K.L.:
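I'd like to ask some things about the structure below.
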Amino acid sequence: MYLAASRPFSLLRRFHVALVFLCLFLLLAALGCDTVAPKPYTRQVVVESYQMAGQPMRKVRLMRTTSTSKAFDASKQSLQGAAVQIELLNPDGTTAARYPFQESASKQGVYLPIKRPTVKPRRTYRLRVTPPGSDKTITARTVVPDTFSLAAENPDTVQYNRTEHLSFRVTPSSYPDRPTIYQFYTWALDASAEQLTPAGKQLVKGTEALWTGGVNYSPQNITHTNWPLVNESQYHHRSDGTIDVTYSWKGILFYGAVKIHTHAIDDNLYDLIRSEKAQQASASPGQILNVIDHVDGGTGIFGSMARATYTVYVER
Amino acid sequence: MTLPLPARPLRFKLVATLAICLLFFSSLAPTSALADDTASISGYVHNAATGAPLPGANINLVNHPAGTSSDTSGFFSLTNLSPGRYRLVCSYVGHKTYKTSFRLSTEENLQVTIPLSPAKIRVGEIVVRPDKLPSSSNKIGSYRLAPGKAAQVPVLLGDDLLRSLRTLPGVSGASDFSSELYIRGSAPGQTLVQLDGMTVYNPGHFLGFFSPFNPDAVDHLRLYKGAYPSQFGGRLGSVLTIEQKAGSPHNFQGKLNVGLLASRAQFEGPHPGGSWMLAARRSTMEPTLWVLNQHNVAGTPKAFHFYDLNGKLLFGSVPGANLSLAFYAARDQMNFPFQKNLLFDIAYRTHAARLRWTQPLTKQLSSKVSVVANRYFSDSHGRLSRIPYSRSMRLMHLSAKSRLAYQPNSRYKLRLGLQARYRRFEVTDTHLETQTLNRSRPSRQGTVFWQNIYRPTVHWKLRLGARGYYYRPGPYLKVAPKAAVTYHPTASLSFQVAAGRYHQFLTLSRNQAISSFNAWLPAAPNVPPAYGDQLTAGTQLTPLPGVSVGLEAYYRSMNGLFKLNPRLTDKTNQPYQGLFQTGDGYAFGSELFLRRTAGSLTGHVGYTYSQTWRRFPNINANRFFPPRYDRRHKLNLAVHLQLTSRWRLSGTFVYTSGQPFTQPVAQYLLMDSPYMGHKHDILVAPVNNARLPPYHRLDLGASHRGHLFSGVNYQFQLQLINVLNHRNIWFYLFAFDRRYSLERLEIPQIPIMLPNLSITLEFL
């Protein structure tokens, strides 16, 4: 196809068009600037508090974040002189009760409730912290999971690996708008090298020198272990309302007496635990995920849980 | 999961309305053009040596305004011609110009076959006529590359078609070790890669170190960087199509290449009913690995090999009715320790075949019918400190497609297509021998597309189209309009604006280092497909013969991006939609491209300015962040110098802004956790808040071509990769020491200069 109005392209015209091209491009390039240069980081206040349903109100610890370039020294980062209060909220958001805290005389950065009220299940609590010299208040909320307990029929002694899973029965917990999420934490009461189960031996042998920086699992430092989060829908619900909770034998590292804490956790702990795990164990090297917190004006955790503890003797 | 997203600038909501209006008006156009003359000429353009069709060849009549270009099957048609005598000229880049004269009588339809012979590269071979439309081989927004051109570019690990694309503006890659492409801010999973119409789901050997495409088996590839036409679909970003060679219908010929890393062979020739082509490639690293393992070099695979097999059988002649069978098979097997106590045992395979029947129905109408069967499966096992984990992926793809091409006159082209597709995705993860994810999801999809090219005058060209999808499970019914307008004020200058909507019904969950752990997962009920809009504007100028300058700007949005939630700890009992998190994103940029294609010194210079952003729940307080595909600035240079008829030198230089990464800015310690039993450290790490140092690399190459003995030619290639010994950073690893102090370990890309030698024998 020929162009009807084609004419010789004069040198001047070429130069003119080239100049227009260049100007257009420079204009487009100038529209952007590098906006992802790291912003100077200002230190944040870290709150740490875990409330247990049906138990007396627990402490609040305050500290500040610190640089990653030097070792973390908790005593130097503790925050003193803050005003701390936990409020029990009504369903409409108004305050039902206020529980002021006072700074511990013996532990820096630790604040204890002046009274020790029992933490009510299925209720909402709000933490308010005002750092010294600041007019800004740091707040966080938690909805406390319902209490639950062990059912009566659980055996005192089990044989390691005899069944597919270690199983025990609990009464149900509950949480608004979602199934209960369980977290397990075990504590081996008879821990020693001789008492290692096959899973414990595998863990100790396999980690002489991890490439991630020299974590070394000796029998002494695997007495306390925790297990990934589990949704209650995974478990069998009995007609009497109780739930058969199963626990993998791979989480039992020692024979002898073992204490298994089963926690029903709130949303704040759920987000913290899962995002913390993702931060530490990203499948893609070099990829770090941020931890999800629900603290307005600061960071850290104000969480709650309900607990049932099963103590069992694990035979060889 | 959906986000409460605030309004964002640059969204163009009127695309669909505008496209529908344009469609309506353009559909009126061809009827008036049909009425005048009755004589016509039509036919096929093909490579005289191989018989392969030549899409995009220019066909013009001397001293007459009629002209056109051939379609993907090499077909062209010029209608409404007055009876009389004509002189036809057919040209195609890299081929000798074909000229013929003929006489047309009233109502005659003359059918011709045009064989174009490949031309040897010589100074001044490419002639650009100032009164002709520019060649359509490289249009605004798309780029065509033949393997011969790719071989001129020194790239890591020999002739690598995908890596050579990185010398283009707007195209970058993950690392020196990966052939994945980041195109205009899109993730690799947002680029459709098709080999002879067969979708390639894992484009890479040895975890992406090697391109999956044997260059000897490839006729050409075309990259649509954005706003691609409606004949393609299913991806938000770009399209890369690779056409395999058809065998020579005239004589048997072959090629043998021996290299340190891989070797390959390719043969082709006629058979009684048509032609055939077969190409095979296998890694030949065993001697190298043996030496490295003898010296206990860390990270050396204990065992590794890959192979691929390409083939094409053709029954009938290329120009005209024919039946073709194309196939591709690839396999990777490796066993290697990545670090102490970290071991990988990986195998993955692809088997794909396409059967296609091409049939001209009338002088103006032709059809193609094809069926594709494709299987991809991978089994990746890792063992970190004897703790095993694995991922198994199975993907089956079956599709049937029919396409009609109608060209009533030289001003109007119409394409209609139908496609039915079935896919099944199976992903299984295990950790400590316990299944943590086990999903099997089928999907069915019906697609119809329509594409209309109309040239109302010699200066204007309109391309309008739409693509409709019906997808199950869901179900989802989606329509994606597309439009492009090209204006040629003179033969040396053109402008184009294009826009369109795009949908993507599957997502690629990526592992940044070990690509075999990648997993494709489909849309489903409550997991709607992602969609996005694209707008591109560009101009191309040819101020001097053989010199062109291009400038393009683009904007693309991405909505409903779904990906596996990395923070999910209990995948087994989640409903399918619970596995994902949903976000959005956008990208924009501009690209400047200066190219010289004639003379002994050829090459191109390009500069790209671009930004791309993503947003997902609970990342950086739901604010936009730059993903790892973001490269603000990119400067690339590729030069080829033909010293003599035998010696050729080449060089490439690439400079890009550093890749975004997450630099922890602070830390704290949780002291009292009742669920851990010990203190544990938390990093305050806004995602991708920093950048790696800028990347740059200079590569040089030299080749010598000669005649060995009767019927056998040779080519010797020497390539030097990273001549400046620059230590580009691949990524940083962060870990706490016992005192809760964060340490940063630097993982480099190719830290030293690497030579590569290869010898190719060609026999005719």
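Letters A, B, ... mirror the listed sequences (proteins, then strands); counts begin at 1. The shown structure was predicted, so the numbers you read here are calculated from the model rather than taken from an experiment. Atom set for the values below is all heavy atoms of this structure, side chains included, hydrogens, waters and symmetry mates excluded.
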K.L.:
Report the option among Ile301(A), Ile273(A), Val291(A) that has the most heavy-atom pairs separated by less than 4.5 Å from atoms of chain B.
P.N.:
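That would be Ile273(A).
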K.L.:
So how far is it from Ser275(A) OG to Ile682(B) CD1, rounded to the nearest 0.5 Å?
P.N.:
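Interatomic distance, Ser275(A) OG to Ile682(B) CD1, rounded to 0.5 Å: 7.0 Å.
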K.L.:
Taking every heavy-atom pair that is under 4.5 Å apart, which of His263(A), Arg64(A), Gln44(A) has the most such pairs with chain B?
P.N.:
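Of the candidates given, the most pairs with chain B belong to His263(A).
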K.L.:
How long is the span from the CG atom in Leu669(B) to the CZ atom in Arg61(A), to the nearest 0.5 Å?
P.N.:
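Answer rounded to 0.5 Å: 9.0 Å.
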K.L.:
Top residue by heavy-atom pair count (under 4.5 Å) with chain B, among Met52(A), Lys59(A), Arg58(A)?
P.N.:
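Among the listed options, the one with the most contacts to chain B is Lys59(A).
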K.L.:
If we check side chain to side chain contact (heavy atoms under 4.5 Å, CB included) with Leu683(B), which of these qualifies: Asn290(A), Thr68(A), Leu289(A)?
P.N.:
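Checked Asn290(A), Thr68(A), Leu289(A) against Leu683(B); only one passes side chain to side chain contact (heavy atoms under 4.5 Å, CB included): Thr68(A).
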K.L.:
Does any heavy atom of chain B fall under 4.5 Å from the side chain of Thr66(A), the backbone, both, or neither of them?
P.N.:
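Answer is both: backbone and side chain atoms of Thr66(A) are under 4.5 Å from chain B.
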K.L.:
NE2/His224(A) to OG/Ser673(B) distance, rounded to the nearest 0.5 angstrom?
P.N.:
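These two atoms lie 10.5 Å from each other.
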K.L.:
Of the backbone (N, CA, C, O) and the side chain (C-beta and beyond), which part of Arg43(A) lies under 4.5 Å from a heavy atom of chain B, both, or neither?
P.N.:
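Arg43(A) has no heavy atom closer than 4.5 Å to chain B.
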K.L.:
Is any side-chain heavy atom of Gln667(B) closer than 4.5 Å to one of Ser67(A)?
P.N.:
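Contact flag for Ser67(A)/Gln667(B) side chains = no.
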K.L.:
Counting heavy-atom pairs under 4.5 Å with chain B, which one of Leu272(A), Leu269(A), Ile292(A) comes out on top?
P.N.:
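Counting heavy-atom pairs under 4.5 Å, the top option is Ile292(A).
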K.L.:
Hey, could you give me the OH/CD distance between Tyr668(B) and Gln77(A), rounded to the nearest 0.5 Å?
P.N.:
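Atom-to-atom, Tyr668(B):OH and Gln77(A):CD are 13.5 Å apart.
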K.L.:
Can you measure from CD (Gln279(A)) to OG1 (Thr662(B)) and round to the nearest 0.5 angstrom?
P.N.:
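OG1 of Thr662(B) is found 9.5 Å from CD of Gln279(A).
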K.L.:
Counting only heavy atoms not in Trp187(A), do more than 12 fall under 6.0 Å of its CH2?
P.N.:
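Counting neighbours around CH2 of Trp187(A), 12 or fewer heavy atoms of other residues, nucleotides or ligands fall under 6.0 Å, so no.
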K.L.:
Under a 4.5 Å heavy-atom cutoff, which of Ala74(A), Ser49(A), Gly300(A) has the most pairs with chain B?
P.N.:
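Between Ala74(A), Ser49(A), Gly300(A), the count favours Gly300(A).
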K.L.:
Output the option from Ala666(B), Pro686(B), Ala685(B) having the highest count of non-hydrogen pairs under 4.5 Å with chain A.
P.N.:
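The residue among Ala666(B), Pro686(B), Ala685(B) with the greatest pair count is Ala666(B).
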K.L.:
Which heavy atom of Glu48(A) sits nearest to which heavy atom of Asp672(B), and what is that distance?
P.N.:
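Closest heavy-atom pair between Glu48(A) and Asp672(B): OE2-N, 2.8 Å.
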K.L.:
Indicate yes or no: at least one non-hydrogen side-chain atom of Leu670(B) is less than 4.5 angstrom from one of Tyr50(A).
P.N.:
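Sidechains of Tyr50(A) and Leu670(B): in contact.
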K.L.:
What part of Gln183(A) lies closer than 4.5 angstrom to a heavy atom of chain B: side chain, backbone, both or neither?
P.N.:
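Contact with chain B is through the side chain of Gln183(A) alone.
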